[in-house]
Amino acid sequence: MSQFRPQEIEPKWQAYWEEHQTFRTNGDSERSPYYVLDMFPYPSGAGLHVGHVEGYTATDIVTRFKKARGFEVLHPMGWDAFGLPAEQYALKTGTHPRETTAKNVETFKGQLKSLGFAYDWEREINTTDPDYYRWTQWIFLKLWEQDLAYIAEVPVNWCPALGTVLANEEVIDGKSERGGHPVVRKPMRQWMLKITEYADRLLEDLQLLDWPEHLVEMQRNWIGRSRGAEVDFAVDSESTGGVQANIRVFTTRPDTLFGATYMVLAPEHPLVEELTASERRDAVDEYCEQAAQKSDLERTELQKEKSGVFTGAYAINPVNQEKIPIWVADYVLYGYGTGAIMAVPGHDERDWEFAKAHDLPIVEVISGGDVQQEAFEGDGTLVNSAFLDGLQVEEAKQKIIDWLEDRGDGKGAINYKLRDWLFSRQRYWGEPFPVVHREEDGAVVPLPEQQLPLTLPEVEEYQPSGTGESPLATIEEWVQTECPETGKPARRETNTMPQWAGSCWYYLRFVDPDNDEAPIDRKLEEKWLPVDLYVGGAEHAVLHLLYARFWHKVLYDIGVVSTKEPFQRVVNQGMILGTTYRYAVDEAGQPFSMVDHDGDSIEAQQERVVRPDRVRWEGETPMHPEQDIELDAIVEKMSKSRGNVVNPDDVVGEYGADSLRLYEMFMGPLEQTKPWDPRGVTGVHRFLSRIWRLVTEDEDLGVEITDGDLDDELKRRLHQTIHKVTDDTDELRFNTAIAAMMEYVNDLYKRDEVPRVALSPLVQMLAPYAPHTAEELWVRLGHKPSVSEQPWPEYDEAWLEEDSYELAVQVMGKLRGTVEVAKDADEEAAVAAARANPDVERHLEEAEIRRVIFVPGRILNFVIG
RNA sequence: GCGGAAGUGGCGGAAUUGGUAGACGCGCUAGACUAAGGAUCUAGUGGGCUUUAUACGCCCGUGGGGGUUCGACUCCCCCCUUCCGCACCA
């Protein structure tokens, strides 16, 4: 026997797999292909965290399991390496992002290997590699050719401190996600991608996918399709001193058109300028100016009462020719619909509030509520609506749309929340756009494909130019070029692509990483796509997945890929939470406990945290290391500043990679958010150690390994275990699969002798979960390596059932006892057995049995009365 | 506010075509082996009542309240709480 020392066996088997190319994908294999993909990481300086390990272990188990089940598995890994942190580090230290990236990749790769993940490293890709981004640029050219890329002056989130424009998702509460710097709106020249043109297909094709409901729902909401009508309101030119205009609105409630008592334009709406009456101009100008200065946040949250100003102009309601006032208010968003609304205060809560605040009339057109008290948004019968009176809402919608279309005053329309994709960043560390701006006429000219990749030039300064242009703008010799068509002077585009670009198609490149003719060979794409299982964090539930789907559809339209959707099945691993130990300090800096007498947390203005390894334990109570203060232990998201981050390297160092992997899978369901419990690791480590001692015949155990056959009972247990572990693994229920193996081992421990044939399948089942330990034990059981090349153990249905079973017996639905009955016992036999049980009989003897419910294998219930 | 997910022992979690609630693990308790045990092995461990004690038995128990059913963690209605996403989207 020998001690279980993971630190000794793990490097050994990692070297073995590498040397024997155990997990190299054979592209010519006849086996069924199976593509398992992880969301590839951004190689940050912080290294791998336990959240990565969770998802990567899950896919690793699937990879090894599917391989054992006869599939040819593709399981690649790469680096999403463009991005802001490396550039910010360059700003601080002058280190080229390429160097930072290379170093971080090295760290990550070492960590991944130390965990024994079965990647085919021959297919490693890096989005910052010119051989890779050449094809990212190529796809951009295709988008341009398809008229899906354009340049626009759009108000963007300009962050002066970072000297760059941020995407909406990078702005949180009006501040930059990284660094918390203030963000303001500023119009700038930007590249946009017309994702909106694909909105319908992105919505429709969600049906084809095997994704969790919440994810599909989030995508649906993001796309935000709504059906309604566009209606044209003529402006009353008498009220504008002769200015003629037309205001088009989008509404989902055309049925309420008779209830429109005023109109609202967004402050940015171009008609505001034209329509405003001279005597109202000062007030309107002032209002619009204020609105422009407000951030999105201020325009929404701080808005207790809806603000707005009257323009002095009136519009004419096309259904009844009534004159209604036109207002300007920032509760109407310029970016949605037409930037103008017809306000129906009787049946829209927002309009109702505005009408109340500004004393505008409220008219009821749908009966069912009291519109003077509150807006009625429910279904009902049309009233005060001339030819619509008496109809229900749905009928009225259709009728009014027909009516509007006949008269040319409007039409049925569909609107989306989804906006075009802001696709440029004013940064250095991103893919350059493969286009030039010709100086003589300002034309945008794409580079010919042969000139790709357009590589990033070396740069002296990583500092943004400050004007909003990227550092690339400062390199004259790079910027100055000539037009590939005319040879005349031209300037290169100095924006770069956002980080999403590289991750939009990397799953394709893994299939054919070295192709220098095309991003991917069509035949290989047909073989491997779509991705069978894609695992990653929920933070990418909307944008990454939506953008990648969009690109995939474009590539589908131009024949590069044959599949409509890239990811057949997506699973989000749940977040792993850490424990934070905290206390509070008062204004004078005096520390005090945040735990009250009942053990509840109390609120504190300022709190401090204590790192877990500095906590002083008084029994079960966490205490401040120096002071007599009880710490408040709370479970929350891991973050550096809270000192609650668990470093996988530390766990590997102490317990080994297999224990870390096993623990993360044993914590609970993959998709669930789970708290990290340091003691939990010891539990699974103990389990591995128990198997180890069993297989290595630890003399203290007194369990002997024999070459004999399985007795019936053990055979049954083995087959039941294989059955359970197989099903659970297949359905990603790793926690219960591990529990089944634990139970089996517990049973084996109760025996004096265990035949080798009872252990080998166990080791095989363990292999995807704890591969190093399994490899070593496989050899110690007398087999040739490697267990990773073994087919998955089979179970025999015949051995899943027992000859007899314990039948639960109820009287009036209450459990009164259990009896052992034969597997095929009929009701008569079951009742006889049950009545022979005194505990059951006692409840039956005085009563009349009205009914007997017997479900073989499950329950016997007596109804008495 | 809208949408999604979820509330089960001291803790992480099992169990849902309705059929013995609490598998497995942590922690805890006792015992064994020990010079020692934060090692290991064995047994026990939802709460309460009954009992000299044990066994047996009984009652309660899956966020709360109703309901359907022979039988409900599971299905239906109402309510509460937590987490996640979106947030004036007309």
Side-chain angles (χ1 to χ4, degrees), chain A residues 3 212-218 220-222 224-226 228 249-253 256 264 266 296 299-301 303 306 329-333 335-344 347-351 353-354 415-419 538-539 541-542 572 574-575 577 620 662-663 666-669 671-684 686-687 689-690 693 698 700-702 724 733 735-743 745-746 749-750 806-818 838-839 842 850-855 857-865:
Chain A
Q3 278 254 299
E213 183 56 30
H214 71 98
L215 227 161
V216 171
E217 208 47 44
M218 275 162 83
R220 257 191 216 124
N221 291 341
W222 194 262
R225 182 182 201 263
S226 51
V249 301
F250 174 75
T251 175
T252 55
R253 295 295 303 274
T256 62
V264 184
D296 277 354
R299 279 176 69 158
T300 55
E301 239 180 338
Q303 203 87 32
K306 287 190 165 34
D330 64 5
Y331 83 91
V332 172
L333 308 174
Y336 182 78
T338 61
I341 62 158
M342 64 176 210
V344 184
H347 306 282
D348 181 283
E349 201 185 319
R350 298 153 300 179
D351 297 343
E353 282 171 20
F354 189 83
N415 229 297
Y416 299 92
K417 276 200 259 183
L418 184 70
R419 320 279 172 81
E539 65 273 21
V542 177
N572 289 133
M575 213 188 323
L577 305 175
E620 291 289 292
L662 209 54
Y663 173 59
F666 188 62
M667 289 169 86
E671 303 196 57
Q672 199 168 300
T673 302
K674 305 163 281 266
W676 179 274
D677 176 6
R679 288 183 298 206
V681 188
T682 62
V684 292
R686 202 170 290 164
F687 164 63
S689 181
R690 277 164 69 83
R693 290 204 310 278
D698 185 332
D700 291 347
L701 286 182
K724 174 93 175 135
R733 294 191 303 243
N735 54 330
T736 50
I738 294 165
M741 289 189 270
M742 287 175 166
E743 282 185 77
V745 169
N746 289 347
Y749 257 61
K750 297 196 174 87
E806 202 177 55
L807 177 68
V809 181
Q810 299 180 334
V811 177
M812 295 300 282
K814 277 195 198 303
L815 183 72
R816 297 302 179 189
T818 59
D839 292 334
R842 192 152 36 83
R850 286 213 328 255
R851 201 175 147 197
V852 175
I853 291 145
F854 177 58
V855 184
R858 298 223 179 260
I859 202 84
L860 175 65
N861 187 14
F862 293 98
V863 184
I864 59 177

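Since this is a predicted model, take the numbers as computed values, not measurements. Chain letters run A, B, ... following the sequence lines, proteins first, then strands; residues in each count from 1.
Nucleotides B:C2 and B:C76, compared at atom C1', are 24 Å apart to the nearest Å. B:G7 and B:C59 have their C1' atoms separated by 25 Å, given to the nearest Å.
A:Asp351 and A:Tyr331 form a side-chain donor-acceptor contact under 3.5 Å, judged by distance and modelled atom types alone.
Legend: residues meeting side chain to side chain donor-acceptor pair (under 3.5 Å) with A:Asn221, ordered by chain and number and at least two apart, are absent. Applying the salt bridge (Lys or Arg N to Asp or Glu O under 4.0 Å) criterion to A:Glu217, with sequence neighbours excluded, gives A:Arg220. A:Phe862 pairs by the ring-ring contact (aromatic ring centres under 6.0 Å, His included) definition with nothing, not counting sequence neighbours. The side-chain contact (heavy atoms from CB on, under 4.5 Å) test applied to A:Arg851 returns A:Ile853, A:Val863, not counting sequence neighbours. Judged as a salt bridge (Lys or Arg N to Asp or Glu O under 4.0 Å), and not counting sequence neighbours, A:Lys417 has no contacts. Residues satisfying the side chain to side chain donor-acceptor pair (under 3.5 Å) criterion with A:Thr818, sequence neighbours excluded, are absent altogether. Residues meeting the side chain to side chain donor-acceptor pair (under 3.5 Å) test with A:Arg225, sequence neighbours left out: A:Asp200. The side-chain contact (heavy atoms from CB on, under 4.5 Å) test applied to A:Asn746 returns A:Arg690, not counting sequence neighbours. In this structure, the side chain to side chain donor-acceptor pair (under 3.5 Å) partners of A:Lys724, at least two apart in sequence or on a different chain, are A:Asp728.
At a threshold of 4.0 angstrom between heavy atoms, the contacts of A:Arg816 are confined to the sugar-phosphate backbone, with no base atom among them. Among the atoms of the strands shown, only primed sugar atoms or phosphate atoms (P, OP1, OP2) are found under 4.0 Å from some heavy atom of A:Tyr749. Across all strands shown, A:Ser226 has heavy atoms under 4.0 Å from sugar-phosphate atoms exclusively, and none from any base. If you check every strand for non-hydrogen atoms under 4.0 Å, A:Pro212 touches nothing.
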Which dot-bracket string fits RNA chain B when only Watson-Crick or G-U wobble pairs with both atom distances under 3.5 Å count, crossing pairs get [ ], and | stands for a partner on a different strand? (((((((..(((......[....)))((((((.......))))))((((.......))))..(((((..]....))))))))))))....

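If A:Ile341 and A:Gln672 are placed on RNA chain B by their nearest nucleotide, the residue sitting closer to the 5' end is A:Gln672. When the nearest nucleotides of RNA chain B are assigned to A:Arg851 and A:Asp351 by heavy-atom distance, the more 5′-ward of the two goes with A:Arg851.
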Output one letter per nucleotide in nucleotides 18-27 of chain B: B when a protein non-hydrogen atom lies under 4.0 Å from the base, S when only the sugar-phosphate is that close, - when neither is. -BB--BBSSS

Every protein N/O lying under 3.5 Å from an N/O of nucleotides 29-38 of chain B:
none

